[in-house]
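All chains are named by letter (A, B, ...) in the order of the sequence lines, taking the proteins before the strands, and each is independently numbered beginning at 1. Being a predicted model, the structure only gives us computed values, none of them experimental.
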Amino acid sequence: MENTLRDPQKLPGWGIDANPDNDPTYPMREPRLNVSQDPDSKHRPASLQPVDVEVLKSIERPNVSAVFGESSPPVGLSGMIRRFAFKYSESHYGHWLPLLLADRVNVVEGIIEDLGQGKVPNIFAEKGYAAEWKHNRTAFVAKMATIAAVTIGSILILTRDNEKKHKYRY
Amino acid sequence: MLAMEYRGPKRVRATQKPMPEIKHPQDAIVRVTRSCICGSDLHLYNGNVPDTRVGMTFGHEFCGIVEEVGPEVTKVKVGDHVLVPFNVACGECHFCKQGMFGNCHESNTQASAVGGIFGYSHTAGGYNGGQAEYARVPYANVGPTVIPEGMDPDDAVLLTDVVPTGYQAAEMAGIQKGDTVVVFGAGPVGIMAARCCWLFGAGRVIIIDKEDYRLEFARNYANCEAYNFEKDMDDPVVFIKKQTDFMGADCVIDAVGAEAAGNAMQTITGRKLLLQAGSATAMHWAINSVKKGGVVSVVGVYGPTDNLIPMGNVLNKGLTIRGNQASVKRLLPRLIEHVQNGVINPKALITHRIPLEEVADGYRLFSAKLDNCIKPLLVFPSANI
């Protein structure tokens with residue numbers, strides 16, 4: 001591929017937002033406020049969302065934020081793990097690693113939940129394999145064949161080991 | 001209502017969920033007319049962001065029609081067609097007052113490092129997102145912005161994230177006229193960042209990726225030089241040094257984040273074993289390929305834990321690293337102007353329209369970079385626009 005470009009200065013808008021004063025504090029373009037000098041630093045919105053679901057709160061803040069999301073409150077074993085995680089600050093592995101563990105436990109809980117509702121999750125559809133089949137068939141088939149071969153091979157090896165283990169048994 | 005639902009790493013589905021309700025006097029309920037899958041949704045999709053719970057609806061790039069408002073909502077009314085910035089922001093806290101709407105202190109209980117983001121795990125507030133027929137939009141006096149008359153909703157939906165994030169990437173790079181800027185990542189945000197670099201007067205813009213179709217798109221859309229790090233060079237850092245008389249680029253933008261390829265150790269420890277908060281390959285290259293005293297601008301998303309980057313070089317080279325979630329509300333007036341004047345053409349990024357019912361295929365298509373996908377847009381059965 002060749003990089004044959006037009007003169008950038010002839011592009012619409014070239015340089016129209018150039019700003020010689022753009023310095024490293026730029027994202028805070030408004031006059032910088034020192035927290036202790038900001039008379040409104042403890043200001044809170046007039047209305048607070050009622051806390052009618054369990055909301056896990058970071059110990060690095062004093063209160064529940066004025067609004068919050070209510071999706072998927074903590075439940076089950078994953079919920080217990082999440083509650084444990086929130087005993088630690090965001091700068092602690094004790095916070096993030098349990099949350100990652102809880103996410104994986106939550107996946108199993110989700111499958112159990114589906115089955116409990118009489119619904120067998122369609123993993124093929126949920127993983128979007130139809131798109132792979134349509135647009136990437138050769139690689140997809142090769143990948144699936146590899147997984148199948150490795151799985152079958154592993155089963156065969158494990159089975160053979162079992163036979164060897166008992167070869168002297170009468 | 002029909003909504004996307006997360007079921008586990010690389011598993012999502014469209015399912016019926018309860019309608020959202022007004023929970024706070026400044027809430028609005030929006031009937032979604034456009035919603036995109038974002039590159040940063042893929043971090044959630046791949047299970048890389050802690051506290052991503054089964055049952056959640058993703059989606060932080062959406063626009064829609066206001067169906068219901070809480071008693072304190074005065075800035076939008078029922079029937080308005082609004083674009084919804086991805087940040088949930090109160091507009092009144094210490095940070096919002098400084099224009100840092102991506103860092104609101106009253107929208108995320110679960111984490112203090114980031115403000116609330118629609119449909120972006122409980123680490124970003126636990127809000128259900130806009131990949132659904134309806135969405136709850138808190139602080140409706142602050143975020144939702146009425147789409148100007150005559151603006152194509154396809155343009156409007158990209159003003160909720162892609163355009164402001166790409167623009168802020170260029171802005172944070174501190175570009176001065178004539179600067180050489182390198183952009184790592186030719187996804188939608190990287191392509192938009194490359195386009196926006198010219199608005200700040202860049203003299204040369206180079207974009208680096210490994211997908212030829214994306215590089216070709218970037219070359220045409222952003223008029224930038226485009227190179228494949230797997231085919232055109234042995235070492236991206238040495239390549240950039242050679243391109244800049246061995247000085248390094250004036251500014252470098254990391255528009256990749258946690259899903260970066262290109263370094264086996266980073267890929268294994270960051271993406272496969274989750275021993276770090278994603279693969280920091282692009283950030284590593286950015287620090288090492290920018291000039292001494294240069295600026296690295298970070299809009300690629302990483303997880304909240306740790307990453308392996310060469311901090312010693314940041315010190316020894318005297319670098320400035322600037323990063324943030326885009327402050328959409330701050331940037332919108334200028335960006336709307338750019339779209340209306342034809343300076344930026346956001347909708348040209350949209351390459352796929354996928355029915356919400358087939359959202360799982362959409363995620364797979366985008367994640368695996370199938371069918372030359374740049375930007376997928378979800379189509380809603382109830383949108384009618």
Side-chain angles (χ1 to χ4, degrees), chain A residues 1 3 5-6 8 11-18 20 22-24 26-30 32-33 35 38 40-41 43-45 47 49 55-58 60-61 64-72 82 90 96 99-100 103 106-107 109-110 121 123 125-132 135-136, chain B residues 7-8 10-13 23-26 47 50-56 72 90 92-94 98-100 106-113 125-128 138-139 171-172 174 177 198-201 216 219 223 225-226 274 304-305 320 322 324 338 342-343 360-361 363-365 368 370-371:
Chain A
M1 290 184 291
N3 288 295
L5 306 174
R6 288 169 285 158
L11 290 173
W14 184 85
I16 57 175
D17 288 341
N22 184 349
D23 66 50
Y26 197 79
M28 294 185 281
R29 174 192 263 168
E30 304 301 321
R32 186 180 177 284
L33 289 172
V35 174
D38 176 7
D40 297 326
S41 67
H43 170 85
R44 301 211 71 198
S47 304
Q49 180 178 341
V55 182
L56 298 175
K57 184 181 76 61
S58 166
E60 292 184 40
R61 57 173 299 130
V64 173
S65 53
V67 300
F68 52 86
E70 297 194 310
S71 72
S72 308
R82 292 187 207 284
E90 295 158 56
W96 298 113
L99 285 178
L100 281 170
D103 290 347
N106 199 195
V107 172
E109 290 173 335
I123 305 286
E126 289 176 356
K127 281 183 167 287
Y129 283 152
E132 290 272 8
H135 300 291
N136 193 30
Chain B
R7 300 304 300 175
K10 293 182 167 41
R11 280 180 56 216
V12 300
R13 67 188 179 200
K23 293 287 182 180
H24 181 272
Q26 290 180 36
D51 217 355
T52 302
R53 300 182 192 172
V54 167
M56 187 177 209
E72 291 180 13
C90 74
E92 298 174 2
C93 70
H94 178 74
Q98 295 174 79
M100 298 171 70
E106 284 292 354
S107 58
N108 185 3
T109 303
Q110 279 91 346
S112 60
Y127 300 93
N128 277 320
Y139 296 132
E171 183 189 62
M172 290 191 299
K177 283 191 172 175
W198 299 123
L199 306 183
F200 292 91
E216 186 64 33
R219 190 180 288 114
N223 192 51
E225 296 170 52
L274 300 185
T305 53
T320 300
R322 297 157 82 176
N324 208 341
H338 284 335
V343 171
D361 295 345
Y363 268 87
R364 173 64 67 166
L365 187 87
L370 304 176
D371 199 30

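- Side-chain contact of S65(A) with T109(B): a donor-acceptor pair under 3.5 Å is present, judged by distance alone.
- For the pair E106(B) and E92(B), the minimum side-chain heavy-atom distance is 4.5 Å or more.
- Using a 4.5 Å cut-off between heavy atoms, D51(B) touches chain A through backbone and side chain atoms alike.
- Ranked by heavy-atom pairs under 4.5 Å with chain A, the list V12(B), L365(B), V343(B) is led by V12(B).
- With respect to chain B, the highest number of heavy-atom pairs below 4.5 Å among D17(A), V107(A), N136(A) belongs to D17(A).
- The choice from K10(B), Q26(B), R7(B) that makes the most heavy-atom pairs within less than 4.5 Å of chain A is R7(B).
- In terms of heavy atoms, Y127(B) sits closest to G69(A) at CE2-N, 3.4 Å.
- Of the listed residues (L11(A), I123(A), V67(A)), the one with the most heavy-atom contacts under 4.5 Å to chain B is V67(A).
- Ranked by non-hydrogen atom pairs under 4.5 Å with chain B, the options A66(A), P121(A), A131(A), S71(A) are led by S71(A).
- Between Y363(B) and K127(A) there is no side-chain heavy-atom pair separated by less than 4.5 Å.
- For E72(B), the part sitting under 4.5 Å from any heavy atom of chain A is the side chain, from C-beta outward, and nothing else.
- Only the side chain of A368(B) comes within less than 4.5 Å of a heavy atom in chain A; its backbone stays farther off.
- Under a 3.5 Å cut-off, the side chain of R61(A) and the backbone N or O of N108(B) do form a donor-acceptor pair.
- Partners of K23(B) by salt bridge (charged side-chain N to carboxylate O under 4.0 Å, His left out), not counting sequence neighbours, listed by chain and number: D52(A), E70(A), E21(B).
- A side-chain donor from one of E90(A) and S58(A) sits under 3.5 Å from a side-chain acceptor of the other.
- In terms of heavy atoms, A18(A) sits closest to K177(B) at CB-CE, 3.8 Å.
- Ranked by heavy-atom pairs under 4.5 Å with chain B, the list D103(A), L56(A), V64(A) is led by D103(A).
- Pairing each heavy atom of W198(B) with each of N223(B), the nearest pair is CZ2-O, 3.3 Å.
- Listed options G47(B), G342(B), C90(B), C93(B) were ranked by heavy-atom pairs under 4.5 angstrom with chain A; first place goes to G47(B).
- Within the 4.5 angstrom heavy-atom criterion, atoms from both the backbone and the side chain of P304(B) approach chain A.
- Proximity to chain B is limited to the backbone of A125(A), based on heavy atoms less than 4.5 angstrom apart.
- Annotation: side chain of N324(B) is in contact with side chain of M172(B) (closest heavy-atom distance under 4.5 Å).
- The most heavy-atom pairs under 4.5 Å with chain A, out of R53(B), E225(B), R13(B), H338(B), come from R53(B).
- Between chain A and the options G55(B), G8(B), P50(B), the largest number of non-hydrogen pairs under 4.5 Å is found for P50(B).
- Only the side chain of R82(A) has a heavy atom closer than 4.5 Å to any heavy atom of chain B.
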